[in-house]
Amino acid sequence: RKEFIDLYVNYVFNESVQKPFEDFMQGFLRGCPARKWKMFLPVELQTVLQGHAKFDWHLLEKNVKYIQYKKSDQTIKNFWTVFHKLPEQKKKMFLAFLSGSDRIPGFGVELFTFFIADAQAENPDETYPFASTCSYILYLPR
């Protein structure tokens with residue numbers, strides 16, 4: 001029985017997927033050559049591909065640029081007051097709403113900039129905030 005189980009497990013996890021995996025690996029390595037990855041340590045490669053998982057939310061606030069807003073506007077003050085009171089998971093959800101990812105890109109939070117712009121809604125109380133994920137712009141109604 002042990003021999004049968006060993007052979008079956010080997011077939012399911014190795015032999016049955018060998019050809020599809022080789023095809024996948026060949027295509028993947030065409031776009032992402034592995035020899036260039038050797039310059040990275042595993043943790044560095046993970047950061048390059050996935051982004052940073054640790055955040056300095058106050059530095060993020062410091063890097064924000066405002067469009068038709070000033071940092072001293074009450075809407076902005078209210079936004080940051082509420083934001084900093086959010087639990088960590090909700091802050092990550094905000095980041096995903098803003099950028100499409102719940103991680104800061106590999107270049108780091110020091111260089112990550114996003115914009116908060118006035119949505120210029122006719123009736124701001126009936127308008128939800130929305131984001132342009134490609135441009136990292138949060139449109140925030142007054």
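One-based numbering along the sequence shown. Keep in mind it's a predicted model, so treat the numbers as computed, not measured.
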* To do: Look at atom CD of Q74 and say whether more than 12 heavy atoms of other residues, nucleotides or ligands are closer to it than 6.0 Å.
  =>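 Atom CD in Q74 is packed in, count exceeds 12.
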Report the distance from atom [atom1] of [X] to atom [atom2] of [Y], rounding to the nearest 0.5 Å.
{"X": "N10", "Y": "E15", "atom1": "CG", "atom2": "CD", "answer": "4.5 Å"}
{"X": "R142", "Y": "N123", "atom1": "CZ", "atom2": "CG", "answer": "14.5 Å"}
{"X": "W80", "Y": "H84", "atom1": "CH2", "atom2": "NE2", "answer": "5.5 Å"}
{"X": "K65", "Y": "I116", "atom1": "NZ", "atom2": "CD1", "answer": "12.5 Å"}
{"X": "I67", "Y": "L138", "atom1": "CD1", "atom2": "CG", "answer": "10.5 Å"}
{"X": "L60", "Y": "T113", "atom1": "CG", "atom2": "OG1", "answer": "9.0 Å"}

* To do: May I ask you to decide if K70's main-chain N or O and D73's side chain share a donor-acceptor pair within less than 3.5 Å?
  =>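 Indeed, once roles are kept as given, a pair shorter than 3.5 Å links the two residues.
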* Asked: Just checking, any donor-acceptor pair under 3.5 angstrom between side chains of D23 and Q26?
  ->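 Short answer, no.
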* Would you check if there is a donor-acceptor pair between the side chains of Q18 and E22 at a distance under 3.5 Å? =>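 Result is yes, a qualifying pair exists.
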* Asked: Given the side-chain rings of F83 and F94, with only the six-membered ring counted for Trp, is the space between their centroids under 6.0 Å?
  ->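 Yes, ring centres under 6.0 Å apart.
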* Are F97 and F130 close enough that their ring centers fall under 6.0 Å? ->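 Ring centres of F130 and F97 not closer than 6.0 Å.
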* Are D6 and K2 close enough for a salt bridge, meaning some N to O gap below 4.0 Å? ->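 Result for this pair is yes, salt bridge flagged.
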* Under the ring pair (Phe, Tyr, Trp, His ring centres under 6.0 Å) test, which residues partner Y69, sequence neighbours left out? ->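 Here no residue qualifies.
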* **P141 versus P124, closest heavy-atom pair with distance** =>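 Looks like CB-O, 3.8 Å.
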Hydrophobic cluster membership, [X] vs [Y], 4.5 Å side-chain cutoff:
{"X": "I5", "Y": "F13", "value": "yes"}
{"X": "F55", "Y": "L86", "value": "yes"}
{"X": "M93", "Y": "F79", "value": "no"}
{"X": "F24", "Y": "L29", "value": "yes"}
{"X": "I137", "Y": "L98", "value": "no"}

* To do: Return the orientation label for the F112 and F114 ring planes: parallel under 30°, perpendicular over 60°, tilted otherwise.
  =>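 Correct class here is tilted.
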Going by heavy atoms in the side chains, are [X] and [Y] under 4.5 Å from each other?
{"X": "S99", "Y": "T133", "value": "no"}
{"X": "F115", "Y": "S135", "value": "no"}
{"X": "W57", "Y": "E88", "value": "yes"}

